Amino acid sequence: MVQRPGVPTAPELVLVTDSGSVPMSPGRTYHVGRDPLCEICLEDARVSWHHAILRPDGDHWTVEDEHSTNGTWADGQRVHEWSVGVGSQLRFGSAEDGPRAVLVGPPPAPPHAAAADGARPSRVSNPAQSRTFRQPTSVRPLLARTAVRIGRATDNDLVIDDLIVSRKHAELHALADGGYEIVDLGSHNGTYLNGVRLDRRAAALAEGDIVGIGHSAFCLVGDQLQEYVDTGEVSLDVQDLTVAVDRGRKTLLDHVSFPVGAKSLLAVVGPSGAGKSTLLGALTGLRPADQGAVLYDGRDLYRDYAELRRRIGLVPQDDILHSQLTVRRALRYAAELRFPQDTAKSEREARVDEVIGELGLQQRADQPIHSLSGGQRKRVSVALELLTKPSLLFLDEPTSGLDPGMDRSVMHMLRGLADDGRTVIVVTHSVLNLSVCDHLLVLAPGGRIAYYGPPDEALGFFGYEQWPEAFEAFENERDRDWAAEYRASPMHRLYVDVSSGRPTPAGAAGQSADVPPSPPQQQPEPPPKAQSWGSQLFTLIRRYSAVLSADRTFLIIMVGLPFALGAMARALAGSALTVETALNALFILCVGGVLTGAANAVRELVKERVIYQRERAVGLSRSAYLMSKVVVLGTVTVGQAVVLTMVGLAGVDTKAPGGKGVLMPPLIEIALVVALLSVTSMLVGLLISALVTKEEVTMPLLVLLTIVQVVFCGALLKLTAVPVIEQLAWFVPARWAMGAMAGTIDLGAIVPTTITQDPMFDHEAGVWLLEVGMLVALSVLLGLLVARVLRRNEPAIMRK
């Protein structure tokens, strides 16, 4: 049947289903299926993803089956294309008890209704949002209401019992013309309109628009506000994901498509280099694919990532908690960072206790994390992610390094999490306990699907008895097209096409008929930072202080190093700074300042990299994180510098020949300069820590840093008027610190040698202030460089 040209004259109808009704306008087409983006969404396993369409056809309506698996029935008979009208009864998936729909005429409009109450007529403004949802959790009439305040506090008009929702979160206003607008009230985690975060300005709300607040979505339908709560039972539909690097010359993922049902556990296995980590980054949205889509319960994850990111939990291979803290204390700090600032301490504590109980950690709650077994530490990492009640939970190699017993324990824990109402996806090399999973995805080299289906059928499909044989075949038979063999198999049609509702026509080489090649995705908008920078900084400072105070090795070094170096300087200084002792004493103070500052910081960023990356992905402020390091380490470093100076110069006459320092008493000036040098060296240490990839590399670089500072400080070699060398020395903090300390005691007058006749050693206020100012300037420059380098270590989604 061919649609007639011209303006549609088909009558307006209403399609009534068990879950609601959809007004049908003759100006558009309506899709029926399990896809949540369909205008008529039917949640029944017998209904295909894209099952049928209803379209205006001249002066009547036509229903057309879209090659569905189980068929479409109209007026009692199975049809491919059929004319329908008022009174027609449709069944989808089964003639006897499939989902039913009846076409009726539109209800008559009350006379003068628009003039009487100014109510806005019901209309469909966005086809993508006019779908039939699940049954709403609640429906709130908006008639006679001028404002509806939404939030966690019990005095709101609409109360949401969700800890990631602020107490006073948003407000819905009724307008004089019958419309509505939504306003965010400065919430911590944001209010989202159709996936886009709102600022404090009002935004118009049209019928069919979706307002996202925490785990709840609100849809305006007529004069009703319908709420749909994400309880965790969500599906994931992966469509045609492709990732290429080296300007397209190397493919890491090659058109990967598969469905993941709600409350299911999926394991992803494959040989090294098969693209498992790349797939994990694409599924979580941290490193979006170049092409394709990831649908979170029908919503585009990349487009709506800012809103959906808090519903996704990710447990990396390395632990994401500070091992020096106890389990309870670590979870408390994590809760402070992830929940709104207005969350009461009792609410956070209750959620922490709930998660500890859910994962069976009650007996280990007050035990340091480093003393736990590998399996127990993994449970703590999972507990951290469960704080915000994610619906999707991803784990990267959770059983790596564990013995078979612990492997089994962790996999059964994941099985329990899925059964409790979550979708769990685990990337693993272990094949010991795959039988507890609902589905298994096997990736072949080149990032292509070699198998997707039940774990128990995988080895039989490949024709091997043991997994090592299958993995060996992947490596030895590189030219074999594993993906083509799977696409041609009945398993692909059963577990990919039928499960996702994507019919595969003959001759299509397994490509989905309704998923055309996707254009390159635009880089999704990075999620916004949490609003309270000061609150984050305060929590990070307290947490970092607790971590350092629990590290006994660090405490011993922190206390002992300045005393040891100060004692060396004191032994060389004697009772007064003379020709024999002055230069050596200042040199030891200079080296001591460099060592104490750099040694404090050179490991601090690289050892927390995995923790930082995960926290950054859920809204941690980069500047707050870096500032917490600077504040805590800076306080420690300044204290060490004061101890070093006081011990090194205790009882030593530090007065210059003129009898005083440049601007202040000599001891105070020297202590100030050593403190500035130590802080600047600490920032150099942070820069090294941000640059390196392994903690073991930091110690050799610390030695190299110290040697460079020693050579270019000006106490061993003449640097003045030496081309290139003199200019390079300008970037060495020890050069400016040595000059300032020498100027304080007028070293040139005490030790009149070629080296000490350096203009930077002059006992003049202008020279001394320049040198102190350069130390401050270098500190600021180094801080900016550290922040810039930190950005390189962040998930791709966070880079602006």
Side-chain angles (χ1 to χ4, degrees), residues 322 324 537-571 573 585-605 607-608 625-652 654 661 664-689 698 702 705-706 709 733-734 736-738 740-741 744 771-772 775-776 778-780 782-783 786:
H322 295 89
Q324 298 90 343
L537 176 62
F538 180 62
T539 300
L540 290 168
I541 288 174
R542 290 189 295 111
R543 183 180 71 177
Y544 189 39
S545 300
V547 169
L548 293 184
S549 61
D551 189 340
R552 294 184 180 179
T553 302
F554 178 82
L555 288 176
I556 293 172
I557 296 175
M558 178 185 68
V559 174
L561 187 60
F563 279 99
L565 293 172
M568 292 172 58
R570 180 64 184 84
L586 295 186
F587 177 73
I588 294 297
L589 290 176
C590 190
V591 173
V594 170
L595 274 176
T596 53
N600 288 342
V602 77
R603 298 181 304 119
E604 294 307 299
L605 296 182
K607 75 180 184 181
E608 291 186 1
Y625 175 78
L626 178 57
M627 187 57 67
S628 70
K629 299 292 183 186
V630 172
V631 170
V632 176
L633 290 177
T635 302
V636 171
T637 300
V638 169
Q640 289 176 311
V642 172
V643 170
L644 171 64
T645 307
M646 296 304 174
V647 172
L649 299 179
V652 180
T654 58
M664 296 173 283
L667 192 59
I668 295 178
E669 285 188 4
I670 293 174
L672 175 62
V673 171
V674 174
L676 285 173
L677 172 62
S678 298
V679 170
T680 309
S681 298
M682 176 201 74
L683 288 164
V684 174
L686 286 177
L687 180 60
I688 292 173
S689 189
T698 57
L702 176 62
L705 168 66
T706 305
Q709 300 259 33
W736 302 100
M738 190 68 188
M741 288 190 293
T744 293
E771 291 160 343
V772 170
L775 286 172
V776 175
L778 284 173
S779 297
V780 174
L782 287 165
V786 175

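For clarity, every value in this text was computed on a predicted model and none was experimentally measured. Position 1 is the first residue of the sequence; numbering continues from there.
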Looking at every heavy atom in both [X] and [Y], which two are closest together, and how far apart are they?
| X | Y | result |
| --- | --- | --- |
| Leu565 | Gly592 | CD1-CA, 3.4 Å |
| Leu586 | Met741 | O-CE, 3.7 Å |
| Ala737 | Val673 | O-CG1, 3.5 Å |
| Ala601 | Leu633 | CB-CD1, 3.9 Å |
| Leu702 | Ala598 | CD1-CB, 3.4 Å |
| Leu540 | Ser628 | CB-CB, 3.6 Å |

Review point. Do you know which of Val636, Val643, Val638 makes side chain to side chain contact (heavy atoms under 4.5 Å, CB included) with Gln640?
Key: Val636

Review point. In this structure, are over 12 heavy atoms from other groups packed under 6.0 Å from Phe554 atom CZ?
Key: yes

Can you measure from [atom1] ([X]) to [atom2] ([Y]) and round to the nearest 0.5 angstrom?
| X | Y | atom1 | atom2 | value |
| --- | --- | --- | --- | --- |
| Ile688 | Leu705 | CD1 | CG | 5.0 Å |
| Leu548 | Glu604 | CG | CD | 6.0 Å |
| Leu683 | Ser689 | CG | OG | 12.0 Å |
| Leu686 | Asn600 | CG | CG | 9.5 Å |
| Leu626 | Leu605 | CG | CG | 7.0 Å |
| Arg542 | Leu537 | CZ | CG | 11.0 Å |

Point to revise | Any donor-acceptor N or O pair under 3.5 Å, side chains Tyr544, Glu608 | key: no

Point to revise | Donor-acceptor contact present, side-chain Gln709 to main-chain Ala734, <3.5 Å | key: yes

Check your understanding: Gln324 side chain to Val547 main-chain N or O, any donor-acceptor pair under 3.5 Å?
Key -> no

Exercise for review: Take Ile670 and Val674, measure what side-chain contact (heavy atoms from CB on, under 4.5 Å) needs, and give me the verdict at the end.
Suggested key: CA-CA 6 Å; Ile670 293 174; Val674 174; 4.2 Å; yes

What I'd like to find out is whether the side chain of [X] reaches to under 4.5 Å of the side chain of [Y], using heavy atoms alone.
| X | Y | value |
| --- | --- | --- |
| Leu667 | Met646 | yes |
| Trp736 | Leu778 | yes |
| Val630 | Val786 | no |
| Thr698 | Lys607 | no |
| Leu676 | Ser779 | no |

